[in-house]
Each structure stands twice: as C-alpha cells, then as structure tokens.
Amino acid sequence: AWKISNENFLKNVSWLNLLKIRGSWGITGSDNLGSSLYGTYSATEFRTSFGENAIQYTPYALNATNATWVSWQKTHMKNIGIDFFVLNNRLSGSIDIFRNDVTRLLGTDATAALAMFETKKVNYGHYYRQGWEFNLNSVNIDRAFKWETSLAVSRVNSIWLERQDNYAYKTYQMREKEPLNAWYYYKVTGIVNTDRSNVPESQYTISSNAALPGMPIIDDKNGDGQITIDDIYMKNNIPTAYVGLGNTFTYKNFSLDVYCYGQFGLYKDNVVLSTTSGSWLSDASRNSSVLAYKIWNSQTNPEGTRPGIASSNLGALPGSCGTDVNMEDASFLKVRNITFGYTFDEKTLGRLGEWVKGIHLYFDAQ
C-alpha cells in the first residue's frame, strides 16, 4: 500500500485527510469434496470365502489422495483498491477492483470400463470471478441532531475459461468464455389470437400446432423466417448491482437506524406462474393461483397474456431449449432493519449510575 496523502506534494491539500492506494495478491486452497477424497470401507453381505476364512469388508470409494489424481483446488486472488477520507473526515470510502481465478476445480469423472467404481475424483477446469465494490460513508449533519449515511454498491461476474474435457455442450451453448450464470431461452413476444391474424410465418416451422390460438409466439431473432437454435437468446443472468444503504439518526439519547438492501437486473423463474400453465390447470387435483386468470382462452379471456391450455401441445423447440414465459424481473429494494433506541447514561440513571455506566434499550423490526 502507498499512503499517498503523506507525500509532500499532497500534505498542504486541506480538504484531503487520507488517500491510500493498495494492491494484494494471494492463493488459497480448498478441499470442497471433504472426506469423499479418501477411500472408505464397510461391511458387506457378499462374502469371499477361503476355506474357513472369509473377507467381509469391501471398499466403497477409491482413495484419491495420490497427487497424480487430485489435489486441492486453488483460488488466485488479485485486488487493487483506493481508500479516502476528505472534508475533515466527514466523507470517506473505498473503491476495489478484483479478480479471483479458481483453478484445478474438484469434481468427478467416469472411470475406465470394467473398473470397480463408476466415477473417480479429478481436478478439472478454470473459471474466474471479477467485479468491483464501492463503499461510501458520510456525516451529513453533525450537531445536536446527527445524521450519518453508509452506501455499498457491488457487482460480480463469473466466466468459464476451461471446462471438463468430456463436458457435454448443448448445440447452442457457448464454447468459450461462457458466463457461469448463462441463461439460454427463446423469447416469447405474444399469444396467438383467436383469428390467428398475428401469426408470423416462422411460427409454422415449429410444429403444426404452434400456430393455433393461445400458443406462445416465439421471436424469430435473426429474421430468417424460421425458428432454429440461431433464435436462442443468451443472458448473463447476474444482478447489475447489489446495493446496501444505511442511515443513522441520533438526537440526544435517542437513535434511529434504518438499513435497506436490494439487487437490480436479475431475472428469476416465477414458480407460481408455472402452476398457471395449461397442463397444470387441466389437472383438477391440483390447486392454482389467481394468476390463472391471465391464461388465454377464446371464450372468457381472449386478451390473456399467458399461453392457453392447448399450449401444452406446442412440442419441443429446437435444441429443447425453454422460453422466458415464466421469467420475471427480480429487482428489488427493501427495508431490512429498523432499530429505534434510547440510551440511559450516568446522568439519567441517577444513583444507579454509580455502578452502571449506561443502559441501551432498543426495539428492532426486521
């Protein structure tokens, strides 16, 4: 680290209290397979007899401690950061940029034919996590009434650099630098209406049923007039940012803390929506939700925004890739904690203050 604010060329900058530039590098190891790396033996009902003697124990896992087979996976961590305090220490914070390479991942692989066990422990693959973090703390008001704020914003991304040798890629899947959170899907742009006047020509290339009323309309991404794996979308489904925001208010012996947190830009599968599919609804033994009223049907809901009951006959899309019909924006910002308190100090405690320095009474809502 370099505390650059101590240098002569910055010593006379009155508004700058501290400025430090730092960097770090290190390696950690991880044995995330635990005791399964070691061979285990157990009693067995199958006996191998040799005269009056019998073998009654058998190995249940191969001993994988040999270095030619497996070793700890390693994480190479690199970080560059800046710390600062300005305006008489009323504003402070830090900025960090990091990259962690996770190598020699621990996992399993198939053994040779006729081997005693079907799988063995191996090292494979390499991916990295990279991102940034920003923290800011401020003293907004510093009088009889005091108000302090803390803000934290971060983003993390993970990318594959090397997969297992025998990894089974899907036909549409990225081969190089695929995000760990890659989400592949066909985009649904609407529902086929009653008179089928909104059916694009590409819809007919899916199946004979795909153009029927109530079917989901699949986006022809490349505009070639047919639905193929080239129309599959890929989204790196990670939050654009994680956010934490805290405010502390104090007045005399009273204090109030309010902490909020959230994430933005992440999509998730709405499980409740899956219970409003046509196949689910047609089974009278299953319950559903009020979201079932969004299902298209020609008699009572021709403006429905969810595929109709007949959509279960759509058939598999090319590559057997799914759609985004049940995916929704999972962004949120919510209050996590509200804490209100009062501190009884030596003055307010009276004679009790001779033995007790202070008592803090608080109520907390989560």
Side-chain angles (χ1 to χ4, degrees), residues 17 79 81-98 100 129-158 179-181 183 235-276 287-294 305-306 324-345 348 357-366:
N17 304 111
N79 175 279
I82 297 174
D83 300 323
F84 61 89
F85 286 77
V86 297
L87 304 177
N88 198 25
N89 294 324
R90 292 188 63 168
L91 186 65
S92 63
S94 63
I95 302 171
D96 285 271
I97 300 173
F98 63 88
N100 299 334
R129 295 189 299 265
Q130 68 178 15
W132 52 265
E133 297 177 354
F134 173 67
N135 293 279
L136 187 66
N137 303 288
S138 65
V139 180
N140 308 312
I141 300 175
D142 191 11
R143 294 177 180 158
F145 173 76
K146 191 173 183 178
W147 171 26
E148 298 176 281
T149 298
S150 62
L151 173 67
V153 184
S154 65
R155 175 181 168 86
V156 181
N157 190 19
S158 300
L180 261 68
N181 296 91
W183 166 38
K235 175 178 172 56
N236 186 8
N237 198 24
I238 60 171
T240 304
Y242 293 100
V243 177
L245 176 65
N247 283 282
T248 300
F249 309 92
T250 55
Y251 178 71
K252 295 184 178 180
N253 291 17
F254 291 95
S255 65
L256 175 65
D257 293 278
V258 181
Y259 182 75
C260 305
Y261 73 111
Q263 65 181 19
F264 301 92
L266 178 70
Y267 280 76
K268 286 191 173 184
D269 182 23
N270 187 336
V271 180
V272 177
L273 284 177
S274 66
T275 68
T276 63
N287 203 352
S288 188
S289 78
V290 293
L291 294 177
Y293 289 111
K294 293 186 176 183
T305 56
R306 303 232 353 119
D324 64 346
V325 70
N326 291 332
M327 299 296 287
E328 291 188 342
D329 189 352
S331 301
F332 70 88
L333 180 65
K334 57 169 52 173
V335 176
R336 191 175 76 179
N337 286 86
I338 301 176
T339 306
F340 178 71
Y342 183 86
T343 301
F344 297 88
D345 55 22
T348 55
K357 187 175 182 180
I359 297 176
H360 185 67
L361 176 67
Y362 65 92
F363 299 91
D364 181 72
Q366 297 186 3

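Computed from a predicted model, the values in this text were never measured in an experiment.
The CH2 atom of Trp183 lies 9.0 Å from the CG atom of Asp269; values are rounded to the nearest 0.5 Å. For the atom pair CG of Leu291 and OG1 of Thr305, the computed distance is 9.0 Å after rounding to the nearest 0.5 Å. One distance of note links CZ of Phe98 with OG of Ser154; it measures 7.5 Å at 0.5 Å rounding.
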Check against side-chain contact (heavy atoms from CB on, under 4.5 Å), Thr240 and Arg155: CA-CA 6 Å; Thr240 304; Arg155 175 181 168 86; 4.2 Å; yes
Just do the side-chain contact (heavy atoms from CB on, under 4.5 Å) check on Trp132 and Val156 with the steps written out, would you? CA-CA 7 Å; Trp132 52 265; Val156 181; over 6 Å; no
Could you go through the side chain to side chain donor-acceptor pair (under 3.5 Å) check for Glu328 and Asn270 one step at a time? CA-CA 6 Å; Glu328 291 188 342; Asn270 187 336; 3.0 Å; yes
Please evaluate residues Thr248 and Leu256 with respect to the criterion side-chain contact (heavy atoms from CB on, under 4.5 Å), reporting the C-alpha separation (whole Å), side-chain torsions for both, the decisive distance (0.1 Å), and the verdict. CA-CA 6 Å; Thr248 300; Leu256 175 65; over 6 Å; no
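At a threshold of 4.5 Å between non-hydrogen side-chain atoms, the residues Phe363 and Thr339 do not count as touching. Two residues are said to be in side-chain contact when any heavy atoms from C-beta on lie closer than 4.5 Å; Asp364 and Asn337 meet this criterion. Side-chain contact between Leu136 and Phe84 is present, with heavy atoms from C-beta onward closer than 4.5 Å. Val325 places none of its side-chain heavy atoms less than 4.5 Å from the side chain of Met327. Taking 4.5 Å as the limit, every side-chain heavy atom of His360 sits out of range of all side-chain heavy atoms of Asn253. Annotation: side chain of Asn237 is in contact with side chain of Leu266 (closest heavy-atom distance under 4.5 Å). Inter-residue side-chain proximity for Tyr261 and Leu333 is flagged as unmet; no heavy-atom pair is nearer than 4.5 Å.
Few gaps surround NZ on Lys235; more than 12 heavy atoms of other groups in view lie less than 6.0 Å from it. By the neighbour-count criterion of 12 heavy atoms within 6.0 Å, atom CD1 of Ile97 is sparsely surrounded, having that number or fewer from other residues, nucleotides or ligands. Atom OH of Tyr267 sits in a sparse spot, with 12 or fewer heavy atoms from other residues, nucleotides or ligands closer than 6.0 Å. Summarising the local packing, CH2 of Trp147 is surrounded by 12 or fewer heavy atoms from other residues, nucleotides or ligands at distances under 6.0 Å. The number of heavy atoms from other shown groups lying within 6.0 Å of OH (Tyr251) does not exceed 12.
Judged by distance alone, the side chain of Arg306 and the main-chain N or O of Leu273 form a donor-acceptor pair under 3.5 Å. Panel note: side chain Asn17, backbone Asn88; a donor-acceptor pair is recorded below 3.5 Å.
For Phe344, the side-chain contact (heavy atoms from CB on, under 4.5 Å) criterion is met by Tyr342, Thr348, Leu349, Ile359, Leu361, not counting sequence neighbours. Checked against ring pair (Phe, Tyr, Trp, His ring centres under 6.0 Å), Phe264 has no partners two or more places apart in sequence or in another chain. Every residue meeting the side-chain contact (heavy atoms from CB on, under 4.5 Å) condition with Leu180, not counting sequence neighbours, appears here in chain and number order: Tyr127, Ser158, Trp160. Residues passing the salt bridge (charged side-chain N to carboxylate O under 4.0 Å, His left out) test with Asp257: none are found, sequence neighbours excluded.
Side-chain atoms of Ser331 and Asp329 form a donor-acceptor pair, as typed in the model, at a separation below 3.5 Å. Side-chain contact, Asn236 with Asn157: a donor N or O sits under 3.5 Å from an acceptor N or O.
Judged by the 6.0 Å distance and 45° axis criteria, Arg336 is not positioned over the aromatic ring of Tyr259.
The stretch residues 84-96 participates, sequence neighbours left out, in these salt bridge (Lys or Arg N to Asp or Glu O under 4.0 Å) pairs: Arg22-Asp96.
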Result block: side-chain N/O donor-acceptor pairs under 3.5 angstrom for residues 137-146, not counting sequence neighbours:
unit_1, atom_1, unit_2, atom_2, d
Ser138, OG, Asn140, OD1, 2.8
Asn140, ND2, Thr149, OG1, 2.8

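When ring centroids are compared, Phe249 and Phe254 stay outside the 6.0 Å threshold.
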